[in-house]
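Report on one structure; see the data block that follows.
Computed over heavy atoms, backbone and side chain alike; hydrogens, waters and symmetry mates excluded.
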Amino acid sequence: PFYLLLHLGDAAPPLVRHAEDAGAPAAAGELGGGESLDYLQVTSANLSAEERAFLGELYAGEVRAVDRGIGRVAARLRELGLDRSTLVVAAGTHGFEWMDRGWIGDGHGVHEELVRVPFVARMPGSLPRARVVAEAVSLAALAPTVLDLLGIGAESMTCDARSLLPRIRGDATAPAEPVRFEVDFEPSAAG
């Protein structure tokens, strides 16, 4: 048995262009990629439409880079013959706001783009294929769900949520869980 936590923080500033996205523009206005979040927040009110589109393209490239990274891990698991016996979970901690409401950043609200994040699990033989849980769930359920999938009962632990395994398996009688969001109202450089 092994455990690997791979934290991919690419899809957040500073945003850079990746070699695989060679067709993307190299710069727009005052932006060339690599700007800090603080800089983007301070200048956000003055960004042109071209600069906003450039940031959107850089962000999309960062998301593609994360996707490629996960793909490389999955390919290696296949090469090692571990893909049929390994639980793989990919989850985002939070989204990002790209001037949707005049702000660049994260953790300053509960808007859709901030709280609707990927939470994908794959464990051949244990999970139904392509099952989508439609209702909102909380990442607080990640630990008890993983423990449940691995046959390690979480009932003896204090968790902020219950396992999602009954929901994933389609049990309509599984009680709904409250969904929790963390909101950080810390003052920013942009005021």
Side-chain angles (χ1 to χ4, degrees), residues 1-28 31-40 52-98 100 104-107 112-134 136-152 154 161 163-165 167-169 181-182:
F2 69 95
Y3 173 82
L4 169 68
L5 172 64
L6 180 60
H7 180 243
L8 300 169
D10 292 359
L15 303 173
V16 297
R17 200 165 57 112
H18 294 266
E20 294 89 349
D21 296 322
L31 302 178
E35 290 81 12
S36 71
L37 178 57
D38 287 340
Y39 176 82
L40 294 174
R52 289 179 188 188
F54 175 69
L55 287 176
E57 184 56 40
L58 286 179
Y59 181 72
E62 295 284 15
V63 171
R64 288 188 295 271
V66 168
D67 189 49
R68 286 188 298 268
I70 293 169
R72 283 192 298 273
V73 171
R76 187 66 178 143
L77 289 171
R78 270 191 307 279
E79 288 171 16
L80 295 171
L82 296 171
D83 59 318
R84 300 233 173 251
S85 61
T86 301
L87 168 63
V88 176
V89 178
T93 55
H94 57 76
F96 227 82
E97 200 170 340
W98 292 106
D100 302 270
I104 293 177
D106 59 353
E112 192 76 5
E113 64 274 6
L114 295 171
V115 299
R116 185 174 291 276
V117 297
F119 186 171
V120 181
R122 183 189 62 86
M123 187 169 182
S126 297
L127 295 174
R129 282 183 66 94
R131 172 84 171 108
V132 175
V133 175
V137 297
S138 175
L139 286 177
L142 181 60
T145 302
V146 167
L147 292 172
D148 204 4
L149 279 165
L150 297 176
I152 303 168
S163 170
L164 296 173
L165 193 52
R167 281 256 189 280
I168 293 168
R169 290 193 169 140
F181 301 106
E182 178 182 333

Report, one line per pair, each donor and acceptor closer than 3.5 Å where one atom sits in a side chain of residues 56-69; sequence neighbours left out.
unit_1, atom_1, unit_2, atom_2, d
Glu57, OE2, Arg64, NH2, 3.0
Glu62, OE1, His18, NE2, 2.7
Glu62, OE2, Val16, N, 2.8
Arg64, NE, Asp21, OD1, 3.2
Arg64, NH2, Asp21, OD1, 3.3
Arg68, NH2, Glu20, OE1, 3.3

Notebook entry, point to check: Could you give the distance from OG1 (Thr86) to CZ (Arg122), rounded to the nearest 0.5 Å?
Noted result: 7.5 Å
Check: Between atom CG of Leu37 and atom CG of Leu15, what is the distance when rounded to the nearest 0.5 Å?
Finding: 9.0 Å
Next item on the list: Please report the closest heavy-atom contact between Asp148 and Ser163, naming both atoms and the distance.
Entry: OD2-OG, 2.8 Å
Notebook entry, point to check: Looking only at heavy atoms, what is the nearest atom pair of Val117 and Leu114, with distance?
Noted result: CG1-O, 4.0 Å
Next item on the list: Would you name the heavy atoms of Leu87 and Val146 that are closest together and state the gap between them?
Entry: CD2-CG1, 3.8 Å
Note to self: Quick check: do Ile168 and Thr145 have side-chain heavy atoms less than 4.5 Å from each other?
What the structure shows: yes
Margin query: Among Leu164, Val137, Val89, exactly one meets side-chain contact (heavy atoms from CB on, under 4.5 Å) together with Leu142. Which residue is that?
Written below: Val89
Notebook entry, point to check: Under the salt bridge (Lys or Arg N to Asp or Glu O under 4.0 Å) rule, what pairs show up with a residue in residues 73-95, not counting sequence neighbours?
Noted result: Arg76-Glu79
Next item on the list: Apply side chain to side chain contact (heavy atoms under 4.5 Å, CB included) to the pair Val88 and Val73, showing each step before the final yes or no.
Entry: CA-CA 10 Å; Val88 176; Val73 171; over 6 Å; no
Check: For Phe119, what residues pass the ring pair (Phe, Tyr, Trp, His ring centres under 6.0 Å) criterion, not counting sequence neighbours?
Finding: none
Note to self: Just so I know, are the side chains of Phe96 and Pro13 near enough to count as touching, which here means a heavy-atom distance under 4.5 Å?
What the structure shows: yes
Notebook entry, point to check: Is the shortest heavy-atom distance from the side chain of Leu31 to the side chain of Leu40 under 4.5 Å?
Noted result: yes
Check: Do you know which two heavy atoms are closest between Pro144 and Ala161, and how far apart they sit?
Finding: CG-O, 3.3 Å
